[in-house]
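Let me begin by handing over the structure; questions about it come next.
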Amino acid sequence: MKPIRPAASAALLALALAFAARPALAQRDMYGMGGASTSDTRRQFTAEAREKVGALMAEYESAWGSRDLRALMRLYGETATLYPSGGGMLTGRDAVRDFFGKLLPAVQPLRTSIVEFKAGGDLAFATLQVRYAMKDAAGERTITGTDVMVLRKDWAGDWSIVTHFLRQDDAAMAAGGRSAADSAGSQ
């Protein structure tokens, strides 16, 4: 039997160390399961969360457009907090229901677009561009704004809105001088 040369033994040692450093990844690749890195796993989690939150937003738009207050409230957590653009803070599903109960009769279908999304653990954060028409004593006007939602995933994997900030663009506020909720409440 011939002795192993130093260069060959160094190469074998380097190869052994490379596989020893990442045994799970090497084993997963060996069986064709793919060796997902931490960043790949995070990207996949974020993509799945964004897809589920996107579906929730489609339900939100549908409930808003059909003025289905009950369906809209199912998307909010029991202890949800709403920050209307006119100021103040509404806490709990009943307070949020009262706000939307006044607003929904005066609005037309809502369109949203997610412009920023982050997720981690059981929380997600979405910044949305929103646009809808509103009819009040002054006539019909278009409301545009930016909403920020914080959503929480429950034990079953379902997402709900736990915090919702509403912000109308300055041009919309200047045109009517009031927030959409203020206008709806004064009818």
Side-chain angles (χ1 to χ4, degrees), residues 42-136 141-173 176-187:
R42 178 144 179 75
R43 273 193 294 275
Q44 181 178 354
F45 168 78
T46 301
E48 289 171 2
R50 185 177 177 127
E51 183 178 321
K52 291 202 176 201
V53 170
L56 183 139
M57 291 313 304
E59 289 180 50
Y60 190 93
E61 287 183 19
S62 176
W64 176 292
S66 63
R67 296 181 177 93
D68 186 346
L69 186 59
R70 198 171 284 171
L72 189 64
M73 288 303 95
R74 281 193 297 266
L75 304 176
Y76 283 86
E78 199 61 42
T79 59
T81 303
L82 179 72
Y83 295 88
S85 57
M89 176 178 88
L90 306 172
T91 302
R93 196 178 278 164
D94 291 339
V96 174
R97 180 181 298 112
D98 291 345
F99 173 82
F100 283 113
K102 293 175 186 170
L103 180 66
L104 286 179
V107 297
Q108 298 300 312
L110 171 77
R111 295 293 167 245
T112 63
S113 174
I114 297 175
V115 293
E116 183 179 9
F117 184 83
K118 304 235 186 270
D122 64 346
L123 292 176
F125 146 87
T127 303
L128 312 158
Q129 291 294 302
V130 298
R131 181 181 182 91
Y132 59 94
M134 178 166 185
K135 292 180 184 176
D136 60 12
R141 58 194 168 99
T142 299
I143 306 292
T144 59
T146 304
D147 287 9
V148 176
M149 291 183 177
V150 177
L151 304 105
R152 178 174 287 135
K153 182 173 63 169
D154 66 13
W155 61 270
D158 297 323
W159 292 87
S160 63
I161 304 163
V162 293
T163 305
H164 187 177
F165 294 90
L166 304 159
R167 184 181 104 7
Q168 291 180 17
D169 291 341
D170 290 336
M173 288 291 287
R178 305 178 287 180
S179 72
D182 293 339
S183 298
S186 66
Q187 291 185 1

A58 backbone acceptor or donor facing S62 side chain under 3.5 Å:
no
What do the steps show when you test L110 against Y60 for side-chain contact (heavy atoms from CB on, under 4.5 Å), and what is the final call?
CA-CA 9 Å; L110 171 77; Y60 190 93; 3.5 Å; yes
Over all heavy atoms of both residues, which pair between G120 and R42 is shortest? Give the atoms and the distance, please.
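Nearest heavy atoms, G120 then R42: CA-NH1, 4.1 Å.
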Show, in sequence, the C-alpha distance, side-chain angles and deciding distance for T146 and D169, and conclude whether the side-chain contact (heavy atoms from CB on, under 4.5 Å) test is met.
CA-CA 7 Å; T146 304; D169 291 341; 4.2 Å; yes
Please find the pair of heavy atoms, one from P105 and one from F100, that lie closest to each other, and give the distance.
CD-O, 4.3 Å
About how many Å separate CE of M57 and CG of D147, when rounded to the nearest 0.5 Å?
7.5 Å
The complete set of side chain to side chain donor-acceptor pair (under 3.5 Å) pairs with one or both residues in residues 47-58, sequence neighbours excluded, reads Q44-E48
In sequence, state the C-alpha distance, the side-chain angles, and the governing distance for W155 and D122, and then conclude on side-chain contact (heavy atoms from CB on, under 4.5 Å).
CA-CA 9 Å; W155 61 270; D122 64 346; over 6 Å; no
Heavy-atom donor-acceptor pair, R111 side chain to R131 backbone, under 3.5 Å
no
R93 (side chain) donor-acceptor with Y76 (main chain) under 3.5 angstrom:
yes
How long is the gap from CG on L75 to OG on S160, to the nearest 0.5 Å?
9.0 Å
Could you grab the distance from atom CE of M73 to atom CG of D68, nearest 0.5 Å is fine?
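That separation rounds to 10.0 Å.
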Please assess E116 against F125 for the test side-chain contact (heavy atoms from CB on, under 4.5 Å), listing each intermediate value before the final yes or no.
CA-CA 8 Å; E116 183 179 9; F125 146 87; 3.8 Å; yes
Picking from I161, L166, V162, what satisfies side chain to side chain contact (heavy atoms under 4.5 Å, CB included) with M149?
I161
Spell out, as yes or no, whether a donor-acceptor pair under 3.5 Å connects the side chain of W64 to the backbone of Q108.
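Yes, because the side chain of W64 sits within donor-acceptor range (under 3.5 Å) of the backbone of Q108.
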Find the distance between CZ (F165) and CE (M89) and round it off to the nearest 0.5 Å.
10.0 Å
What I want to check is whether the side chains of Q129 and T112 have a donor and an acceptor closer together than 3.5 Å.
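The answer is no; no qualifying pair exists.
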Nearest atoms (heavy-atom pairs only) where L90 meets P84:
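Looks like CD1-CG, 3.8 Å.
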With rounding to the nearest 0.5 angstrom, report the CH2 to CG distance, W159 to L56.
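Going from the CH2 atom of W159 to the CG atom of L56 covers 10.0 Å.
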Between L104 and R67, what is the shortest heavy-atom contact and its length?
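That closest heavy-atom pairing would be O-NE, 3.0 Å.
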Would you give the length of the straight line joining atom CG of L82 to atom CG of D98, rounded to the nearest 0.5 angstrom?
11.0 Å
